[in-house]
Amino acid sequence: MLRFEDVTYRYTEEAPDALREVSITVNAGEAVAVMGANGSGKSTFARLAANLHEPTKGWVKVTDRQGRDTPVGILFQNPDNQMVAVTVEKEIAFALENLATPLDEMEERITDTLERFGITHLRRRLTAELSGGEKQRVALASVMIAEPEVLVLDEPDSYLDQAGKIALREELAALRDNNRSMIQIHITQYPQVAKEYSRLIVFHEGKIAADSRPEKIFADEAFCRQTGLRYDIDQEAREVAAEADVLKTTERKIHQIELDGATVGYPGSGFTLPELDLSVKAGEVIGVVGPSGSGKSTLGLLLCRLLKPTRGRVLYLGPEGGPANLEDILGRVTAIFQQPERQFFLPTCAQEIEFGPRNIGRALTITQTQQMLRLVGLDPTEFTTRDPFRLSGGEKRRLAFAAVLSMRPDMVVFDEPTCALDPEGVGRFIRLAKELRESGAGVVVISHDGEVIRALSDRVLVLDGDGSCRVGGASAFFGWEGAKRLVSG
């Protein structure tokens, strides 16, 4: 049984309560979905359930059927936060080593787990060299191998491709069938995932706003909009449009990026990006899809000159079609990484937003900084002085949008931009990307989310993962039967 009794938690004495007076019971054998807006307290709830934090007030108890304390397995939003070993095999073995599992049994269970999660080919790979989706699969396998009695999943499908999501869904169902006493807590932003559970708990502003069957909760449209479970397209459009002038610029120096047979490989990994002939043009959105490990993020880094091609060329062209001055690329061709905290290094949100523009000679006013916060759905009165590393996963992603877009780039790469965003945040991102396109910026969106790719893409680049690729119109992509293997929605 998992029980919270009058639990309040705050991360520091001066910080607001992340959870307030939460009381809830989840009985043995229950599988529960948890939803809520970014910053509503979901991840804090997960960490308290896993005994990673002590409540500021109240108490949390996790016991087995005999009333004994029992360990909890947890999968974090960001798989990097729980990687402890150098190789995939050692990562998966770590939990069994701590349980003093005999060597022969350990070897057998590792092999079986690798096969179950479709990652046998990663066995000898370095964990630091994996893609985001590959890391998520490995992290999930390393938690599942210990067969915990209580399993907490904090948005476990955030970085997974469609095949990974299907494997996760099947594995969670199998776990419930094989261990009827196991408790599963599944935090998600996807209504279609929550509908697979008989119980849904909704957090709002640190409190439990609803605890009922998913279909009953989703039937209340006003409640769903209020708590961020659903977004109003017209409302999002109005809010983004009201602040979008901060993105506009009278001067764009990069009008096109040309990949001319460009490829890149990582020494020792066996991976090589397919040779690409591709144009990314101003005022266009290109969607990039493919299975985990197919090279999507590598392509993003290549476009932004964070990687150099091992063969071929990447050309940056100015408004007249000729080569641009490489100094002009600074701040004008940018990326938002899969894991936004990798881009943070300053003590406040405002400083993160202001650093880039000031560094390239286009400093923001205080009014513009506040405007950038509102543009991405962060209230300036609350977030201007907040520590970026103390934000929720979705809030960090919104801040990363603001920190990069404050430079008013000519070309921008979004790598899995909707991971950890609530439905309101997804709707806001779609509107934001459209505003960028309408303002004349070139946009590349790397995503496993079919809703996002369909809503935004003028063209879609498919990296198949077997060394081949194709590019064409969005309608052709969604008319292709293989699209279902690459994106959800």
Side-chain angles (χ1 to χ4, degrees), residues 79 88 114-141 156-171 259 261-278 280 286-303 307 309-312 335 337-339 413-419 444-450 452-454 457 459-472 474 476-489:
V88 169
L114 288 165
E115 291 175 355
R116 274 165 48 201
F117 288 92
I119 54 175
T120 300
H121 63 293
L122 301 178
R123 185 170 193 146
R124 311 295 182 192
R125 288 278 301 277
L126 299 178
T127 54
E129 292 179 350
L130 302 180
S131 72
E134 288 169 339
K135 286 179 180 177
Q136 195 74 322
R137 284 197 187 196
V138 171
L140 180 62
D157 46 8
S158 292
Y159 298 100
L160 294 180
D161 57 16
Q162 186 62 4
K165 290 175 182 177
I166 292 170
L168 171 65
R169 187 160 59 243
E170 292 174 347
E171 182 64 22
L259 276 68
T263 182
V264 65
Y266 297 108
S269 71
F271 171 82
T272 302
L273 187 71
E275 290 189 8
L276 293 172
D277 294 299
L278 177 70
V280 181
I286 294 181
V288 180
V289 302
S292 295
S294 59
K296 302 184 300 297
S297 296
T298 297
L299 171 61
L301 297 175
L302 190 62
L303 290 170
L307 284 177
T310 50
R311 287 196 309 276
F337 299 151
Q338 274 189 14
Q339 294 153 354
V413 177
F414 293 95
D415 194 351
E416 297 293 354
T418 57
C419 285
V444 176
V445 177
I446 299 168
S447 182
H448 294 302
D449 191 326
V452 171
I453 295 295
R454 190 189 301 272
S457 300
R459 290 185 293 150
V460 177
L461 170 65
V462 180
L463 298 174
D464 286 314
D466 59 1
S468 62
C469 61
R470 63 176 72 89
V471 63
F477 169 71
F478 283 101
W480 173 50
E481 182 64 25
K484 296 176 183 177
R485 294 187 288 103
L486 300 178
V487 295
S488 60

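Predicted model, so just to flag it, every value in this text is computed and none were measured. When a residue number appears, it is its place in the shown sequence, counting from 1.
- A donor-acceptor pair under 3.5 Å is absent between the side-chain atoms of R116 and the main chain of E171, judged by distance alone.
- With hydrogens and angles ignored, the 3.5 Å screen pairs no side-chain donor or acceptor of S488 with any backbone N or O of Q162.
- Here the straight-line distance linking atom NE2 of H448 with atom CG of L160 works out to 7.5 Å at 0.5 Å rounding.
- Although no hydrogens or angles enter the test, the distance criterion places no donor-acceptor pair under 3.5 Å between the side chain of D415 and the main chain of I446.
- Between S457 and V445, the closest side-chain pair of non-hydrogen atoms is not below 4.5 Å.
- Across every non-hydrogen atom of G132 and P79, the tightest pair is O-CG, 4.2 Å.
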Does L299 form a side chain to side chain contact (heavy atoms under 4.5 Å, CB included) with V444? I'd like the steps, not just the answer.
CA-CA 10 Å; L299 171 61; V444 176; 5.6 Å; no
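- Side-chain contact check for F117 versus L122: every heavy-atom pair is 4.5 Å or farther apart.
- What you find for V288 and I453 is that their closest heavy atoms are N-CD1, 4.3 Å.
- In this view, E170 satisfies the salt bridge (charged side-chain N to carboxylate O under 4.0 Å, His left out) rule with no residue, not counting sequence neighbours.
- Side-chain atoms of D449 and S447 form no donor-acceptor pair, as typed in the model, at a separation below 3.5 Å.
- Interatomic distance, Q339 CD to C419 SG, rounded to the nearest 0.5 Å: 9.0 Å.
- At least one side-chain heavy atom of V88 sits under 4.5 Å from a side-chain heavy atom of L114.
- Although no hydrogens or angles enter the test, the distance criterion places a donor-acceptor pair under 3.5 Å between the side chain of Y159 and the main chain of Q338.
- Evaluation of the salt bridge (charged side-chain N to carboxylate O under 4.0 Å, His left out) rule for R470 yields D464 as partners, not counting sequence neighbours.
- Considering every non-hydrogen atom in both S158 and Q136, the closest pair reads N-NE2, 4.2 Å.
- In this structure, D161 and V289 have side chains that are not in contact, with every pair of non-hydrogen atoms separated by 4.5 Å or more.
- Contact of the P309 side chain with the E275 side chain is not registered, since no non-hydrogen atoms from C-beta on lie closer than 4.5 Å.
- Side chain of K296 to backbone of G290: a donor-acceptor contact under 3.5 angstrom is found.
- In terms of the salt bridge (charged side-chain N to carboxylate O under 4.0 Å, His left out) criterion, residue partners of E481 (sequence neighbours excluded) are, by chain and number, K484.
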Begin from the C-alpha positions of V264 and L301 and carry the test side chain to side chain contact (heavy atoms under 4.5 Å, CB included) through to its verdict.
CA-CA 10 Å; V264 65; L301 297 175; over 6 Å; no
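- Atom CZ of R137 is separated from atom CG of L130 by 11.5 Å, given to the nearest 0.5 angstrom.
- Smallest separation of non-hydrogen atoms from R459 and I286: NH2-CD1, 3.3 Å.
- Looking at every heavy atom in both residues, H121 comes nearest to R125 through O-CG, 4.3 Å.
- Remark: the backbone N or O of T263 is paired with a side-chain donor or acceptor of T310 at under 3.5 angstrom.
- Between L486 and W480 there is a side-chain heavy-atom pair separated by less than 4.5 Å.
- The shortest distance between side-chain heavy atoms of L463 and L276 falls below 4.5 Å.
- Nearest heavy atom pair, residue P274 against residue C469, reads CB-SG, 4.2 Å.
- Side chain of K165 to main chain of V487: no donor-acceptor pair is present (N/O by atom type, distance under 3.5 Å, no hydrogens or angles).
- Put simply, the side chain of V280 does not reach to within 4.5 Å of the side chain of V413, judged on heavy atoms.
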